[in-house]
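So the structure is just underneath, and the comments pick up after that.
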Amino acid sequence: MKVIAKQIFVLTIILCSTQLFSQTSTNSPYSRYGLGEINTWGVNQNFAMAGLSAAIQNDSLGPYFINPFNPASYSSIRRTTIEAAGNNKRLMLKSSTGSSKKNIPGIGYVAFAFPITKWWGLAAGLMPYSNVGYKISDTKAVSGYYPVEYIYEGNGGLTKVFLGNGFKIKQLSVGFNASLLFGEIDNTRKVKLPNDSNALSLKTASVTKISDVVLNYGLQYTFNVGKMGRNSSRENAKIIFGVAGNLQSSVSAKNDVVSNTFIYNALNVESAQDTLENFTNRKGAVKLPMSINTGVTLVKGTGFSLGVEYGIETWQNYRFFDEVNQLKQANHFRIGTQFLPKGNTDLSKNFLSRVYYRAGFRYSQLPLVVKNTQITEMAVSAGFAIPVARIRQLQQGSFVNIGVEVGQTGTTKNNLIQEKFVKVSVGITLNDRWFIKPKIN
């Protein structure tokens, strides 16, 4: 009965989250470009370590968790694991002319994983891929005409449902995820002559629906390096090398576009005049970039890990219905650590000795190029895994995961917008022994 109840619990979370993921969960003007603001939260454990994932294995970080960004890690799953998290983003926008603040709550992810054999693990889950949410206005003086006001609005985003497998052959692990990428992105552009009440304004509304399967792959190799430390602190150590990513691919899409002139009536409501363009279900494709993350992690016992990672994404090859874009290659650097104060030697006496502590730093050159400036982002993160159920030899248990990230995107130079943000993620990890027949002594 307990297993059935837990399975119902997981399905309920997934069904509820499907609706919540469809809501806009960003307010960034930079989400106007490409497919929007790409999800960098990850699962809570990755998030608190600056997104470190390429060389992270499930059994190398004490409380077992799911690392969907390198499916090779599924091969190290030893217990049935359920994860879910919610988050909140405090966004502060600043430009040369003003500033604004906004809180943006959202559902982070739900995921489920279990071992099939000692060398084969399976995982599935649901998480956002990208978010779009912006409203920007810009007034430009046009020679011979009144000042022209341009208004850009957008909302929506893409969600990813993944199913993956990881396999282990001695010290080598390989894996893959098959993910359904789906969602809708709405973009609207208005051109107005604010100083001429009799002039017609122009509005173009575009709705793009994406639904297709994409694949990503992973590989990890583990070297055992013997014991490290001094005296009683000496524990077995290993070095994990990891590579994860995806090839350049195209996903199917449909696009609706309506372009018309309009005026404002006596109630200050838009009144459409002439339709200039109107087509529905235009079939096409969106070309996604290739991405690759490489990393190395040093792991000592179950109490300490330190990793670094570098990744690229070829957004310069991104295409939207064959339209050429102004995006560039994205580059990411991450460093993260996790430690348990007394390793696995004193887990029952002192509560603080059973808390896992995490921290990280990341720096990115984003693919966005605005006013001839490539946008950068940097952030520091920290977090905890707090036990809420007694652990028996680290084989099962539940943890509340709390992660915080503070950072900034962009700059106020060259009349750009700078974003400062504080992200908070709170989730739970459940580890238990399912699908194992009880033994009668």
Side-chain angles (χ1 to χ4, degrees), residues 22-37 91 93 95 97-98 100 102 104 130-158 182-211 251-287 318-327 368-371 375 410 415-417 419:
S22 65
Q23 300 177 6
T24 298
S25 57
T26 187
N27 195 45
S28 169
Y30 294 121
S31 67
R32 173 189 167 198
Y33 304 94
L35 294 174
E37 185 180 74
L91 185 62
L93 302 176
S95 68
T97 58
S100 64
K102 187 176 181 64
I104 309 166
S130 70
N131 292 296
V132 176
Y134 64 90
K135 184 174 182 180
I136 309 168
S137 64
D138 186 20
T139 301
K140 296 181 180 180
V142 179
S143 177
Y145 296 90
Y146 293 107
V148 179
E149 183 181 9
Y150 299 87
I151 301 174
Y152 306 92
E153 296 181 63
N155 62 80
L158 302 180
F182 66 95
E184 181 177 299
I185 298 175
D186 301 344
N187 294 293
T188 301
R189 178 176 180 265
K190 298 178 183 178
V191 182
K192 299 168 56 180
L193 297 176
N195 294 338
D196 188 348
S197 59
N198 296 318
L200 291 173
S201 299
L202 175 66
K203 176 180 178 180
T204 301
S206 171
V207 178
T208 302
K209 298 178 181 180
I210 293 175
S211 179
V251 294
S252 299
K254 294 182 179 180
N255 184 230
D256 301 342
V257 174
V258 176
S259 182
N260 59 264
T261 57
F262 70 94
I263 59 173
Y264 288 100
N265 59 27
L267 299 177
N268 200 33
V269 177
E270 292 180 12
S271 176
Q273 301 299 299
D274 297 322
T275 299
L276 306 179
E277 185 179 31
N278 186 0
F279 59 82
T280 60
N281 287 330
R282 178 180 65 153
K283 294 183 179 181
V286 175
K287 185 178 292 185
Y318 168 80
R319 296 291 184 274
F320 177 83
F321 283 75
D322 295 325
E323 294 179 7
V324 178
N325 68 92
Q326 301 298 317
L327 303 180
L368 313 178
V369 180
V370 184
K371 297 181 179 178
I375 305 302
N415 292 321
L416 294 174
I417 296 175
E419 300 180 357

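One-based numbering along the sequence shown.
- Of all the heavy atoms in Val132 and Gly154, the pair that sits closest is CG1-C, 3.8 Å.
- Scanning for side-chain hydrogen bond (donor to acceptor under 3.5 Å, both in side chains) contacts around Ser137 gives an empty result, with sequence neighbours left out.
- Here Glu153 pairs with nothing under the side-chain hydrogen bond (donor to acceptor under 3.5 Å, both in side chains) rule; sequence neighbours left out.
- If you take CG on Asp274 and CG on Leu202, they are separated by 11.0 Å, rounding to the nearest 0.5 Å.
- A pairwise comparison of heavy atoms in Leu158 and Glu184 identifies CD2-N, 4.4 Å as the closest pair.
- Between Ile417 and Pro29, the closest heavy-atom pair is CD1-CG, 3.9 Å.
- The cationic atom of Arg32 (NZ for Lys, CZ for Arg) does not lie both less than 6.0 Å from the six-membered ring centre of Tyr134 and within 45° of the ring axis.
- Ser100 is linked by a side chain to side chain contact (heavy atoms under 4.5 Å, CB included) to Leu93, counting only residues two or more places apart in sequence or in another chain.
- Applying the side chain to side chain contact (heavy atoms under 4.5 Å, CB included) rule to Val258 yields the partners Asn260, Asn278; only residues at least two apart in sequence or on another chain are considered.
- Considering only residues two or more places apart in sequence or on other chains, Lys254 meets the side chain to side chain contact (heavy atoms under 4.5 Å, CB included) condition with Asn281, Lys283.
- Side chain of Ser130 to main chain of Leu35: a donor-acceptor pair is present (N/O by atom type, distance under 3.5 Å, no hydrogens or angles).
- With sequence neighbours left out, the side-chain hydrogen bond (donor to acceptor under 3.5 Å, both in side chains) criterion links Thr204 to Ser259.
- For the residue pair Asn255 / Thr208, a side-chain donor-acceptor distance below 3.5 Å is found, with atom types taken as modelled.
- The minimum heavy-atom distance between Arg282 and Phe321, with the atom names listed, is O-CE2, 3.4 Å.
- Lys192 meets the salt bridge (charged side-chain N to carboxylate O under 4.0 Å, His left out) test with no other residue; sequence neighbours excluded.
- Not a single side chain to side chain contact (heavy atoms under 4.5 Å, CB included) links Gln326 to another residue, sequence neighbours left out.
- Taken to the nearest 0.5 Å, the OG atom of Ser31 stands 7.5 Å off from the CD1 atom of Ile136.
- Expressed to the nearest 0.5 Å, how far CD1 of Ile263 lies from OG of Ser201 amounts to 9.0 Å.
- Applying the side-chain hydrogen bond (donor to acceptor under 3.5 Å, both in side chains) criterion to Thr188, with sequence neighbours excluded, gives no partner residue.
- The shortest heavy-atom contact between Ser28 and Glu37 is CB-OE2, 3.8 Å.
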Could you walk me through whether Tyr33 and Asn325 pass side-chain contact (heavy atoms from CB on, under 4.5 Å), step by step?
-> CA-CA 9 Å; Tyr33 304 94; Asn325 68 92; over 6 Å; no
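- Distance CG/Asn131 to CD1/Ile104: 9.0 Å, rounded to 0.5 Å.
- In Asp138, the CG atom is crowded: over 12 heavy atoms of neighbouring residues, nucleotides or ligands sit closer than 6.0 Å.
- Applying the ring-ring contact (aromatic ring centres under 6.0 Å, His included) test to Tyr318 and every residue at least two apart in sequence or in another chain returns Trp315.
- The ring-ring contact (aromatic ring centres under 6.0 Å, His included) check on Phe262 picks up Tyr264, with sequence neighbours excluded.
- Pairing each heavy atom of Gly34 with each of Leu327, the nearest pair is CA-CD1, 4.2 Å.
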